[in-house]
Amino acid sequence: MQKRSAEGNRSNTHQLKTYFAKRVTDQVRHVLGIWRMLTDENWPDNHILDLLESNKKLIRYAQHFQEESHLQLGQQIAHTLKKIKEDDGTLNSAVVTQLTELIKKLSQLASRKNDVTNNTETAIEPKKPVYLALNDHVLGQKIEQQLEFFGYKAELIHDSSHFKLRARPNDAIAIIMDVNFDNRFHNGIELIEQLIKEAKVPTIFYSEDGADIHTLLRASRAQGRFFHNATIDMSRIVEEVELITHQTPEAPFRVLIVEDSRTQAFHIEQILNNAGIISKAILDPMLILDALEEFKPEIILMDMYMPVCNGMELANVIRQQDQFVSIPIVFLSAEDDIEKQLNAMSNGGDDFLTKPIKSHHLITAVRNKGKRARKLVALVNQDSLTGLLNHTSILR
């Protein structure tokens, strides 16, 4: 009898610990979600305040439930956010870098909690499922197992009636949808089109038979996140779901500014920093190779006309270095002669922005170039089947 009572007490204690851990983890998810909105929307003041309040709640939960690691990270995040407040909301690359590292550690802490347990009761599951609406039920079960292995709740949808009954815009964190669900042409896209009339739903479209341009265009208009032809890459599926659920915060872009005017360089730095983008300015173009090695930028913003050499000459030098050949180079200049702009882009440049540049135009250009550059780097460095580094990247 005593033995049974002791076992019951241990079970109750375990359930309480699980409940406490889940409360803290749910708050971590909330912090990560606000961080994602910050990086998507150029760091508006209201989101920074939301992050501050959400982090305060995380600290309270971590103290109350004795989660020391979460508490320490929460306090460090609060200290860094305090710096922004003290500087009247002004951001700089050091603060953005520090916050990014802390958020990354917070995300990893949540992931490790999930990895160390095999008990489904203690697994970190989102409250909402990923809906899997696929004609191939065997494939659906494989994806379900893969997602659940990484701590996600997945739910198989059997047919259109089941989908209409279960799916609501706020009921799922994501949907993996067969384009021709229920074996009816474009039925999957039509179901999503109806759903997003109420609210946006992150959707991953799949087609077993590939797709023509009309299908791809319609899937894109239905706000599909990306499209799979013929086979589904399991690692990519998990990666996309992690991004959707804010489990893997995206690192801020790194931008190198090459500008001989100190005033212009500082102005561009401030615009980018206030959008949560890490930047570094060099005033001497002859220092470009050292800066590329040390700072490792994803994008280069370069003045066209400088006293020592012009931007086109410098771009040619960069493009001759194999390790830097894929970095986007965007020229900045007051030059409005279209022929000269086209000539600049044919000499190693990827884009041309005319000064004076509007802040939102500069930020949008940088983000778009950065996203494409990251996809290119991933394609070049990773094996398409496994998602692991390829042979050349491993040797490097």
Side-chain angles (χ1 to χ4, degrees), residues 33 36-37 40 125-248 250 371-372 374-375 378-379 382 384-387:
R36 178 73 176 179
M37 286 191 289
D40 280 349
E125 295 182 349
K127 293 178 181 177
K128 301 172 185 178
V130 178
Y131 287 135
L132 306 176
L134 298 166
N135 293 328
D136 187 338
H137 298 303
V138 175
L139 177 62
Q141 288 172 351
K142 286 180 180 178
I143 296 174
E144 180 185 26
Q145 291 170 357
Q146 188 80 357
L147 288 172
E148 290 182 349
F149 178 79
F150 282 92
Y152 291 95
K153 182 180 178 182
E155 183 175 328
L156 293 170
I157 300 292
H158 307 296
D159 52 40
S160 299
S161 300
H162 187 202
F163 183 85
K164 290 174 182 177
L165 184 68
R166 288 291 294 122
R168 297 288 180 274
N170 297 317
D171 285 352
I173 55 171
I175 298 171
I176 300 175
M177 171 63 77
D178 202 311
V179 166
N180 302 318
F181 186 53
D182 240 359
N183 294 309
R184 285 153 54 192
F185 184 69
H186 281 191
N187 181 49
I189 302 179
E190 288 176 11
L191 290 170
I192 297 299
E193 285 171 343
Q194 292 298 315
L195 200 62
I196 63 174
K197 286 179 180 178
E198 298 179 51
K200 181 180 177 181
V201 183
T203 303
I204 298 168
F205 283 111
Y206 168 73
S207 174
E208 185 178 358
D209 302 320
D212 59 16
I213 184 62
H214 301 290
T215 303
L216 290 168
L217 185 59
R218 191 172 177 186
S220 176
R221 286 171 177 165
Q223 303 180 21
R225 195 165 175 86
F226 65 87
F227 204 95
H228 282 288
N229 287 335
T231 59
I232 281 189
D233 179 347
M234 292 290 184
S235 63
R236 183 77 186 275
I237 286 286
V238 174
E239 181 184 338
E240 286 295 322
V241 172
E242 284 180 339
L243 286 171
I244 290 167
T245 58
H246 320 303
Q247 279 293 88
T248 307
E250 192 173 27
K371 286 175 183 176
R372 282 197 289 272
R374 283 186 179 176
K375 285 184 179 178
L379 288 170
Q382 294 176 358
S384 60
L385 179 63
T386 64

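A side-chain hydrogen bond (donor to acceptor under 3.5 Å, both in side chains) check over residues 212-224, counting only residues at least two apart or in different chains, returns the pairs H186-T215, H186-R218, E193-R218, D212-T215.
The distance from atom CD1 of I157 to atom CG of L165, rounded to the nearest 0.5 Å, is 8.5 Å. For the atom pair CD1 of I176 and CG of L147, the computed distance is 5.5 Å after rounding to the nearest 0.5 Å. Separation of atoms OG1 (T203) and CG (L195) is listed at 7.5 Å; rounding is to 0.5 Å.
Nearest heavy-atom pair across L134 and G140 is CD1-CA, 3.9 Å. Here the closest heavy-atom approach between residue S160 and residue R184 is recorded as OG-NH1, 3.7 Å. Shown here for S207 and V179, the closest heavy-atom pair between the two residues is CB-CG2, 4.2 Å. The two residues A219 and I189 have their closest heavy-atom pair at N-CD1, 4.0 Å.
Applying the side-chain hydrogen bond (donor to acceptor under 3.5 Å, both in side chains) test to N180 and every residue at least two apart in sequence or in another chain returns nothing. Under the rule for a side-chain contact (heavy atoms from CB on, under 4.5 Å), the partners of K164 that lie at least two apart in sequence or sit in another chain are L191. Every residue meeting the ring pair (Phe, Tyr, Trp, His ring centres under 6.0 Å) condition with H158, not counting sequence neighbours, appears here in chain and number order: H162. For R168, the side-chain contact (heavy atoms from CB on, under 4.5 Å) test picks out D171, with sequence neighbours left out. Take R166 and apply the salt bridge (Lys or Arg N to Asp or Glu O under 4.0 Å) test, not counting sequence neighbours, and it matches E155.
Applying side chain to side chain contact (heavy atoms under 4.5 Å, CB included) to Y206 and the options I143, L132, L139 leaves one that passes, L139. Each of V241, I237, I204, I175 was checked for a side chain to side chain contact (heavy atoms under 4.5 Å, CB included) with V130, and the lone residue meeting it is V241.
The closest donor-acceptor contact from the side chain of D159 to the backbone of S161 lies under 3.5 Å.
Considering only heavy atoms from C-beta on, H137 stays 4.5 Å or farther from L156 through its side chain. By the 4.5 Å heavy-atom criterion applied to side chains, V201 and I192 are not counted as neighbours.
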